[in-house]
Amino acid sequence: MANREPEKYNYTPLADAVMCLEQKVNFYGVVAEYEQPKPTRGRDYLCTMTVIDMSYNSPGLRVLYFAPDVDMMPRVKDLGDVIRFHRVQMKSHADAPQAIGNPKKGSSFVLLRGCEGDDYVPYHKSHSNFTMEASDRNIVGLLRMWASSHPIDTLAGTNKYMKQIKDVNVDSYFDLCCKILFVNDQSAEHSVIIYVWDGTDASPACLNPLEQSENGDPGQDLWSSKELAVPVDVMRGFPALGTVLPLVPFGMPEDDFGPQLPLAGDWVKLRNIGCRVRKGLYEGVTYHGSKIGILSPSAQAVQNCERAYEERLTSEALRLPHWCPKPPQSMLVTGYDHCKLSTLREVLTYPQVTYKFRCMVRVMATWPSDVLDFCVPHDGSAAQPKDHLEQGDFVYVVRLTLEDPTARLHAFLYGQDAVEFFVGYPAANLRRQGDTVGALKRKVDRLLGVSEHGPPNPPWVTCCLKSYYLDKEHPQETRRYRVFGTRFPG
DNA sequence: TTTTGGGG
């Protein structure tokens, strides 16, 4: 075996390969589309791509590569890379040619970078021995030169399934062109969440009725600000605007290198994904029909996202949440109207812990949920029977769950700030103040957008927030937020 | 030995 003459391979231009129906062929191509390995309904994994060369530039040749293990799949790093296949079977489907690769039937591949001047050492290959003769280097060099003058773009174009994050809903499957901001890989728990972004704002989600009914205490758990959130130090690297959508990659395989997923910073085309609501927030999900394709940063779709976001950043009007009325209205009145609005992500990631902000938000919930419990006795008087306490002995302690397209956070309405907020209703023993309770309840219902018919739909309101800490030694870890300088007249 | 998926 060792001294056998190396096999001479004949490489077929793609235009000729597509004529070789039912034959096995060898060819080189430039990767124009690549979708990551995913399980099939059968026993194998499947990875798909489109390859092109100077003889077959458009629409290119689809390649389906089946293998029993994800480790045997080509892992294309970037579109524009050069791939070589041996012994792939030419087929036809729906009048279009396609090549079927399968290592069990003798197929093999090598992958090389697509940049001109790069070396001829494959960065990934299906087998440890491979040929790379002068004639191979010649073909690779020619392909690289050709590809450098033929930017890969057209294939990442739009289609009728394409959506932006601002348009996602739970009713249909869709495609998304987006940037991976963070891959939270809890391998020990076999749970991975990918956080994606396209610079637009998701619409306010309606609470999932299933979740509501299965939750005994919606006030606490449903409005957790932590569940789907990312650590603040990670969030600090995120753009200031736009929804970051969690994506649960159900069924996507892992290999020795970890999950076969894109890395933070990559642009991807998520194909045929679904969406659901968890804890009142949208969350993307893959299913067996979904695919994750990589995108080149130079792709038109990527450029469009980045250009639109740049424009958004520089415009006061476009910085506002996409779904809030324009011009903005607010049933809450704040001072500091000259201050620019901050997103909740900016609030959460601000480097200084004591700071003041003005935000455009929706109030999703209060805690306690019952207005009757909004006031508590002052410290030290808690042990006394409440009925004997006077009005001045009480203080407002209410936690608001605030939301905007970028984040959710909890802010406290406390003490004098709360008295100013509720305008005309000082803190009191609310169990002895029926009129006050009724008035407060009406205000809170308006704030929460409670309606007799249908789910609550909180209006957009401006409010001022200040951050503070509980422990001077650990300001970042004990950061809290309070509403201040905000009034709810009427 | 010859699926699976092949855009919905």
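To find a chain, count down the sequence lines: A is the first, B the second, and so on, and within it residues start at 1. Since the model is a prediction, treat every value here as computed from it, not as a measurement.
Aromatic ring centroids of A/Tyr173 and A/Tyr287 lie under 6.0 Å apart.
A/Tyr28 meets the ring pair (Phe, Tyr, Trp, His ring centres under 6.0 Å) test with A/Tyr11; sequence neighbours excluded.
Within 4.0 Å (heavy atoms only), A/Leu64 reaches at least one base atom of the nucleic acid. Residue contacts for A/Phe174: at a heavy-atom cut-off of 4.0 Å it reaches a base atom on one of the strands shown. Residue A/Arg271 is in base contact, counting any heavy-atom pair closer than 4.0 Å across all strands shown. Looking at heavy-atom distances under 4.0 Å, A/Lys104 makes contact with a base.
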request  = Evaluate ring-ring contact (aromatic ring centres under 6.0 Å, His included) for A/Phe109 paired with A/Tyr65, printing each intermediate quantity in order.
outcome  = CA-CA 10 Å; A/Phe109 66 84; A/Tyr65 201 86; 5.5 Å; yes
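Residue A/Arg41 is the one, among A/Ile273 and A/Arg41, whose nearest nucleotide of DNA chain B lies closer to the 5' end (criterion: closest heavy atom).
When DNA chain B is scanned in the 5' to 3' direction for atoms under 4.0 Å from non-hydrogen atoms of chain A, the outermost contacting nucleotides are B/dT1 to B/dG8.
One P atom belongs to B/dT4, the other to B/dG8, and the distance between them is 15 Å to the nearest Å.
A/Thr343 contributes a side-chain N or O that, together with a main-chain N or O of A/Ala240, makes up a donor-acceptor pair within less than 3.5 Å. A/Trp197 places no side-chain N or O within donor-acceptor distance of the main-chain N or O of A/Ile165, the cut-off being under 3.5 Å. With hydrogens and angles disregarded, a donor-acceptor distance shorter than 3.5 Å links the side chain of A/Gln303 to the backbone of A/Pro297.
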